[in-house]
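Residue indices begin at 1 and follow the sequence shown. Worth knowing before you read on, the calculation uses all heavy atoms, side chains too, and leaves out hydrogens, waters and symmetry mates.
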Amino acid sequence: MVQPASASPASLPMHARAAALILDAFLDYNGRFADITRRAKRHFERRDWRQAQLDAVARIDLYDVCIRETLARLELLLDDRVRSRPLWAAMRHEYAALIEPLLDRELTKTFFNTLSRRFFRTSGVDAGIEFVALDLEPTAGIAEPAALDCYAVDGELAATCERMLADHPFATGYIDRASCAHAIAREIAERTLEDGVAPRAIELLQTVFYRERRAYLVGRIVIGDGATPLVIALVSAPNGVRADAVLTNLNQVSLLFGYARNAFHADLPTVGDTVMFLETLMPHKPVGEIYTVLGRIKQGKTERYRHLFRHLAAHPDERLVRADGERGMVMAVFTPRDYAVVIKVLRDHFAYPKDVTRRQVIAKYRLVSRYDRVGRLVDAQEFHHLRFPLRQIDADTLAELTGDCAESVAVEGDELVVKHCYVERRLRPLNLYAREAAPDDARRAVLDYGQAVKDLARSNIFPGDLLLKNFGVSRIGRAIFYDYDELCLVEQCRFRELPLAREGDETRPLEDWLSLRENDVFPEQFARFLGLPDTLRDALLQVHPELFDATWWQTLRDRFAAGDYGDVPPYPASSRLPE
């Protein structure tokens, strides 16, 4: 029961004081999260991309910083009762009453759960001292819609677009607001008139979204009784802001908010209502991915856990099987047969020629979680102590996990406990896709693989292992990298041309006739190991010859060493406006 506001903290029961402390700690975290988020606008205006990147990492790390602070405060308050289960059960009940009026109470529950699990090192879930509710939808009960600005299209569409831009000013101003408005209006008109119906209104979220080097106005075009997504991308030039692209295609908007992208910095007063709005724009996208791309990473994990284990409970015939593709030397990978995620577990020992350690692999996954993923690195969510019913695990999969991953898994009763793993969206391995797909689709995927390697390279990421089996193909045919154990920064590599071989050298291993140093890379060799049919290999060499040129890679490396980082637009050239 919530205590009356007049009661002094010292007069409250211990469980009530502890519950109030946790809520206060969450509100403090939320305020600090907002402080970092708001700085994104200033970084955009000043073109301070370095500081924007530092803030992105700081905001990711903030959650654990605040959790550690709160753990220390709880230990001081509760003393030797800090691990009293009855006390935590009472705290949970009190906390539920305190947060009931909050729109984003699911975020506060996740914060409470994190504290509980850290103290009790919970394996699986414990409904007595956690908020579980697998069947709960996080936006259930949200009656108020997200705050939108509505712009009726009464006359000239360009005038409407200029009002929209005027309502989203920047300290540096627009380079030419009227020209930007006309360009946006022209794109909207061309795309909506394809359906033969003129737009009736444009609705935009009041909050501007920022990520990397761009700002975004996010909303929808109201056409007749329906609506289509609308995202207007803005870039900051030395002389002001201009519109760079208009996105109305569902797939393009979905990619912008996708699981291979970093989180936006959007100063939202509340989150759940915005999640509901974005769900209407992208109804196929899991709600957990929307929370994650809004920067609420822990809530994204909570929703992925809920949906996965709800699926397993609702489908008793579901089986967890070895994922399709070649057996990995570092990870054992399994997946629910009918649910599109994979669970990756580190093996106890890595087969030759892998020479990385367990700690190094974990560090690489941590690097990716904090780096600009440019739409080409899948989001790998780290989980601890997941419990799966043994009856749902395929026998061969269970044997592999218990035999090769004993440090990370254990059988307890009728459950398999996975002590540490990564959960990712399931993609079709590119090497399988290239064999299975129609020739034109296979060619497009392989060429996009080449573009993916270029995009990563221009963001200072070298995948390390370029084999097609380490890339997956998404629902819309996009190539995405998902195997991070050999990933490193381009600036850490030394890209070399092959010297002329002497007679007989071509038939000997490279290391037998060439002096090699750690981090030496020979791009000319890439094509030999991809295992592509001649037609696909020739197409890749023709469209992306730079990938096999040591000079191209070394030029990139030199640029990064000088502090110059390239820009990788998150949308196709066809969506961009003329400058």
Open item on the list: Quick one, Tyr305 with Leu386, criterion side chain to side chain contact (heavy atoms under 4.5 Å, CB included). Give me CA distance, side-chain angles, the key distance, then yes/no.
Closed with: CA-CA 9 Å; Tyr305 175 90; Leu386 298 182; 3.8 Å; yes

- [ ] Please report the C-alpha distance between Ile461 and Val490 in whole Å, then the side-chain angles of each, then the deciding distance to 0.1 Å, and finally whether the side chain to side chain contact (heavy atoms under 4.5 Å, CB included) criterion is met.
- [x] CA-CA 5 Å; Ile461 289 289; Val490 169; 5.7 Å; no

Task: Verdict with supporting geometry, Gln299 and Thr110, side chain to side chain donor-acceptor pair (under 3.5 Å) - done: CA-CA 7 Å; Gln299 194 61 34; Thr110 295; 2.6 Å; yes

Open item on the list: Run Arg73 and Asp24 through salt bridge (charged side-chain N to carboxylate O under 4.0 Å, His left out) and show every step you take.
Closed with: CA-CA 11 Å; Arg73 291 173 63 192; Asp24 176 72; 3.4 Å; yes

Task: Worked verdict on Lys41 versus Val208 for side chain to side chain contact (heavy atoms under 4.5 Å, CB included) - done: CA-CA 9 Å; Lys41 181 178 182 181; Val208 179; over 6 Å; no

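Contacts of Asp567 classified as side chain to side chain donor-acceptor pair (under 3.5 Å), with partners at least two apart in sequence or in another chain: Arg214. Listed by chain and number, the residues in a ring-ring contact (aromatic ring centres under 6.0 Å, His included) with Tyr291 amount to none (sequence neighbours excluded). Residues meeting the side chain to side chain donor-acceptor pair (under 3.5 Å) test with Arg310, sequence neighbours left out: Glu137. For Asp372, there are no side chain to side chain donor-acceptor pair (under 3.5 Å) partners at least two apart in sequence or on another chain. Partners of Arg83 according to the salt bridge (Lys or Arg N to Asp or Glu O under 4.0 Å) rule, which considers only residues two or more places apart in sequence or in another chain, do not exist here. Residues meeting the salt bridge (Lys or Arg N to Asp or Glu O under 4.0 Å) test with Glu75, sequence neighbours left out: none. Contacts of Asp48 classified as salt bridge (Lys or Arg N to Asp or Glu O under 4.0 Å), with partners at least two apart in sequence or in another chain: none. With sequence neighbours left out, Leu148 forms a side chain to side chain contact (heavy atoms under 4.5 Å, CB included) with Glu203, Leu205, Arg220, Phe277. Checked against ring-ring contact (aromatic ring centres under 6.0 Å, His included), Tyr422 has the following partners two or more places apart in sequence or in another chain: Tyr365, His420. For Arg373, there are no salt bridge (Lys or Arg N to Asp or Glu O under 4.0 Å) partners two or more places apart in sequence or in a different chain.
A donor and an acceptor atom, one from each side chain of His43 and Asp55, are located under 3.5 Å apart. No side-chain N or O of Thr122 forms a donor-acceptor pair with one of His385 less than 3.5 Å apart. No hydrogens or angles considered: a donor-acceptor pair under 3.5 Å links the side chains of Gln206 and Asp149. Of the N and O atoms on the side chains of Thr37 and Tyr210, not one donor lies less than 3.5 Å from an acceptor on the other residue. In this structure, a donor-acceptor pair under 3.5 Å is present between the side chains of Thr270 and Asp273.
Stacking of Lys298 on the aromatic ring of Phe111 is not recorded, the 6.0 Å distance cut-off and the 45° axial limit not both being met. Relative to the six-membered ring of Phe33, Arg296 meets both conditions, a distance below 6.0 Å and an angle of at most 45° to the axis. With Phe112 as the aromatic partner, Arg92 does not meet the cation-pi criteria of under 6.0 angstrom to the ring centre and within 45 degrees of the ring axis. Cation-pi geometry between Lys301 and Phe383 is met: the NZ or CZ atom falls under 6.0 Å from the ring centre, inside 45° of the normal.
Nearest heavy-atom pair across Leu87 and His15 is CD1-CB, 3.7 Å. Across every non-hydrogen atom of Leu136 and Glu106, the tightest pair is CD2-OE2, 3.1 Å. In this structure, Val342 and Ala323 approach most closely via the heavy-atom pair CG1-CB, 4.3 Å. Taking both residues in full, the closest heavy atoms of Ser123 and Val417 are given as OG-CG1, 3.5 Å, listed atom of the first, atom of the second, then distance. Of all heavy-atom pairs spanning Val374 and Arg478, the tightest one is O-NH2, 4.1 Å. Of all heavy-atom pairs between Leu103 and Gly272, the closest is CD2-N, 3.9 Å.
Taking the six-membered ring where the residue is Trp, Phe471 and Phe481 present tilted rings, their angle falling between 30° and 60°. In this pair, Tyr216 and Phe264 present their aromatic rings perpendicular. The plane angle is above 60°, beyond the 30 to 60° band.
For an aromatic pair to be called close, the ring centres must be under 6.0 Å apart, and Trp88 with Tyr95 fails this. Aromatic pair Phe309/Phe388: centroids less than 6.0 angstrom apart.
You'll find the side chain of Arg211 reaches within 4.5 Å of the side chain of Leu256, heavy atoms only. Inter-residue side-chain proximity for Lys364 and Glu486 is flagged as unmet; no heavy-atom pair is nearer than 4.5 Å. Looking only at side-chain heavy atoms (C-beta outward), Ile480 and Ser474 come within less than 4.5 Å of each other. Val330 is listed as a side-chain neighbour of Val361, based on a closest heavy-atom distance under 4.5 Å. A 4.5 Å side-chain heavy-atom check between Asn262 and Arg370 finds every atom pair outside the cut-off. Two residues are said to be in side-chain contact when any heavy atoms from C-beta on lie closer than 4.5 Å; Tyr484 and Val378 meet this criterion. Looking only at side-chain heavy atoms (C-beta outward), Val241 and Phe44 come within less than 4.5 Å of each other. Side-chain contact between Val275 and Pro138 is absent, with no heavy-atom pair separated by less than 4.5 Å.
Not one N or O on the side chain of Ser254 forms a donor-acceptor pair closer than 3.5 Å with the backbone of Leu250. In terms of modelled atom types and a separation under 3.5 Å, the side chain of Tyr259 and the main chain of Glu424 share no donor-acceptor contact. Ser116 places no side-chain N or O within 3.5 Å of a backbone atom of Asn113 that could act as its donor or acceptor partner.
Counting only residues at least two apart or in different chains, salt bridge (charged side-chain N to carboxylate O under 4.0 Å, His left out) contacts with residues 120-132 comprise Arg85-Asp126, Arg117-Glu130. Residue pairs meeting the side chain to side chain donor-acceptor pair (under 3.5 Å) criterion with at least one member in residues 401-419, sequence neighbours excluded, are Arg327-Asp404, Arg347-Asp404, Arg358-Ser408, Arg387-Glu412, Arg387-Glu415.
At a threshold of 4.0 Å, the pair Lys285-Glu279 does not count as salt-bridged, since none of the basic side-chain nitrogens sits closer than that to a carboxylate oxygen. For the pair Arg425 and Glu289, the salt-bridge criterion is met [side-chain N within less than 4.0 Å of a carboxylate O]. The pair Arg306-Glu303 meets the salt-bridge criterion, with a side-chain N (NZ, NE, NH1 or NH2) lying under 4.0 Å from an Asp/Glu carboxylate O. Salt-bridge check for Arg322 with Asp394: failed, with every basic side-chain N at 4.0 Å or more from each acidic carboxylate O.
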